[in-house]
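Heads up: the structure comes next, in structure tokens.
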Number of protein chains: 2
Amino acid sequence: MESRIDKIKQQLQSQGYKLTPQREATVRVLLENEEDHLSAEDVFMLVKDIAPEIGLATVYRTLELLSELHVVEKMNFGDGVARYDLRADNNKHHHHHLICLQCGTMSEILEDWLGPLEERIEQEYGFTVKDHRLDFQGICADCKAKNDQPKIEQ
Amino acid sequence: MESRIDKIKQQLQSQGYKLTPQREATVRVLLENEEDHLSAEDVFMLVKDIAPEIGLATVYRTLELLSELHVVEKMNFGDGVARYDLRADNNKHHHHHLICLQCGTMSEILEDWLGPLEERIEQEYGFTVKDHRLDFQGICADCKAKNDQPKIEQ
DNA sequence: CTAAATGCAAACGCTTTGCAATGTT
DNA sequence: AACATTGCAAAGCGTTTGCATTTAG
């Protein structure tokens with residue numbers, strides 16, 4: 001666990017970036033919330049617990065930096081809010097999202113199902129895929145279960 | 001062609017919405033630029049040629065309305081700008097995007113390649129897919145060709 | 001010591017909203 | 001006439017930036 005942090009530290013330093021307490025705190029928060037897709041504001045609030053003096057701008061700058069280093073992945077889902085995800089090591093992300101239109105929950109498909117499609121794109125379009133993004137909108141299993149029960153409201 | 005407009009008119013009116021000149025002009029612009037992915041600002045400027053008195057807010061409101069009626073589809077691609085696409089009739093959109101990281105060009109794959117994946121999601125996750133979005137980032141054929149030529153600058 | 005990084009607050013760009021005026025049915 | 005719709009300008013939101021100050025290397 002600590003090795004993850006160290007690795008990211010190294011990655012920062014090897015690129016000539018300074019290792020500030022704010023950056024470390026931000027990375028720590030990202031590691032501790034790897035499951036979630038945190039917005040900058042989310043990260044900010046969590047980081048403030050560790051490093052209360054931090055400013056929101058610094059969080060944005062750090063997330064941007066980590067994004068450039070491919071340590072985190074910056075995503076958006078239709079709502080105008082960027083969300084940040086730690087990348088598993090330095091791999092391409094390659095997971096897909098299931099976003100429930102009813103409750104807003106987002107779950108993930110961790111496998112990458114797009115390999116064959118990417119080959120096809122290379123061949124048919126001469127387009128070399130570097131990354132992709134696949135989101136599905138729909139109704140999750142939980143909501144479908146709830147919908148089958150008699151409704152109380154609205 | 002005119003029938004497309006009429007159909008949308010009907011759709012508006014059948015839902016109790018009034019058909020104002022501004023709305024008609026907006027729809028007309030969308031029809032005439034079906035190929036493109038226009039931003040609200042884009043639409044605004046094009047509509048002003050037909051209906052110079054229109055306000056940007058009205059364009060936003062109209063696009064939002066059309067979006068609710070599933071006449072257009074509201075999309076975003078990472079940059080904080082919503083783009084709007086007329087839906088072919090009332091079908092799901094089902095096309096995918098190839099976004100070049102080098103020149104920013106976006107082209108489309110018009111087929112839907114995700115049918116089998118959506119079935120799999122239904123079965124493995126109990127999630128009913130209503131819509132999806134698939135974007136590929138990479139290097140387009142044109143840029144690859146350019147990259148093979150000797151570089152002049154930078 | 002020096003350049004990079006920070007915090008703050010102001011500016012930003014896109015989008016939404018309040019409201020009085022207007023227009024459709 | 002009644003109500004939806006409009007235009008305008010102001011506000012809202014997440015994000016970025018300018019700048020003086022601090023801090024890591």
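Quick note on labels: first sequence line is chain A, next is B, and so on, each numbered from 1.
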Worked check of side-chain contact (heavy atoms from CB on, under 4.5 Å) between A:Phe136 and A:Leu98: CA-CA 5 Å; A:Phe136 294 94; A:Leu98 301 179; 3.8 Å; yes
Atom-to-atom span, CG of A:Leu12 to P of C:dT6 - whole angstrom: 10 Å
Nucleotide of C:dT6, C:dC19, D:dT15 approaching A:Arg61 most closely (side-chain heavy atoms): C:dT6
Whole-Å gap separating C1' (D:dG14) and CG (A:Leu56): 9 Å
Contact pattern, 5' to 3', of nucleotides 20-25 of chain D - B, S or - by protein heavy atom under 4.0 Å: ----BS
Side chain to side chain donor-acceptor pair (under 3.5 Å): pairs with one or both residues in residues 55-67 of chain A, sequence neighbours excluded: A:Glu64-A:Lys74
Distance, nearest 0.5 Å, that separates CD1 of B:Ile5 from NZ of B:Lys7: 14.0 Å
Euclidean distance, atom CZ of residue B:Phe44 to atom P of D:dT6 [Å, nearest integer]: 13 Å
Sugar-phosphate only, base, or nothing, as touched by A:Arg23 at under 4.0 Å among non-hydrogen atoms: sugar-phosphate
Under 3.5 Å, side-chain donor or acceptor atoms of residues 21-30 of chain A against the rest of the protein: list the pairs with distances, not counting sequence neighbours.
unit_1: A:Arg23; atom_1: NH1; unit_2: A:Lys18; atom_2: O; d: 2.7
unit_1: A:Glu24; atom_1: OE2; unit_2: A:Arg28; atom_2: NH2; d: 2.7
unit_1: A:Thr26; atom_1: OG1; unit_2: A:Gln22; atom_2: O; d: 2.7

Point-to-point distance, once rounded to the nearest 0.5 Å, from CD1 of B:Ile8 to CG of B:Leu31: 5.0 Å
OP1 or OP2 of D:dT15 under 4.0 Å from side-chain N/O of A:Tyr60: yes
For atom NZ of B:Lys9 and atom P of C:dT25, their distance in whole Å: 10 Å
Interatomic distance, B:Leu65 CG vs C:dT16 C1' [rounded to whole Å]: 15 Å
Gap between atom CD of B:Glu122 and atom CZ of B:Phe127 - 0.5 Å precision: 9.5 Å
Contacts under 3.5 Å, N or O only, protein and nucleotides 9-12 of chain C:
none

Listed once per pair and sorted, the side chain to side chain donor-acceptor pair (under 3.5 Å) pairs that draw on residues 36-46 of chain A, sequence neighbours left out: A:His37-A:Asp85, A:His37-A:Glu108, A:Ser39-A:Asp42
Minimum heavy-atom distance between A:Trp113 and A:His96, given as atom pair plus value: N-NE2, 3.0 Å
Between P of D:dT16 and CG of B:Asp79, the distance in whole Å: 12 Å
Evaluation steps, side-chain contact (heavy atoms from CB on, under 4.5 Å), between B:Ile109 and B:Leu134: CA-CA 10 Å; B:Ile109 297 172; B:Leu134 176 55; over 6 Å; no
Axis-to-axis angle between the two ends of the helix from C:dC1-D:dG25 to C:dT25-D:dA1 (five base pairs per end, rounded to 10 degrees): 30°
Atom-pair distance (CD on A:Glu64; C1' on C:dT6), nearest Å: 17 Å
Touch class at under 4.0 angstrom, heavy-atom based, for B:Glu53 against every strand present: sugar-phosphate
For the student: nearest non-hydrogen atoms of B:Ile54 and B:Phe44, plus distance: O-CE1, 3.4 Å
Approximate separation, where rounding is to 0.5 Å, of A:Asp112 CG and A:Glu118 CD: 6.0 Å
A:Arg4/A:Leu86 under side-chain contact (heavy atoms from CB on, under 4.5 Å): CA gap, chis, key distance, verdict: CA-CA 11 Å; A:Arg4 297 281 304 278; A:Leu86 211 52; 3.6 Å; yes
d(CE, B:Met75; P, C:dC14) in whole Å: 17 Å
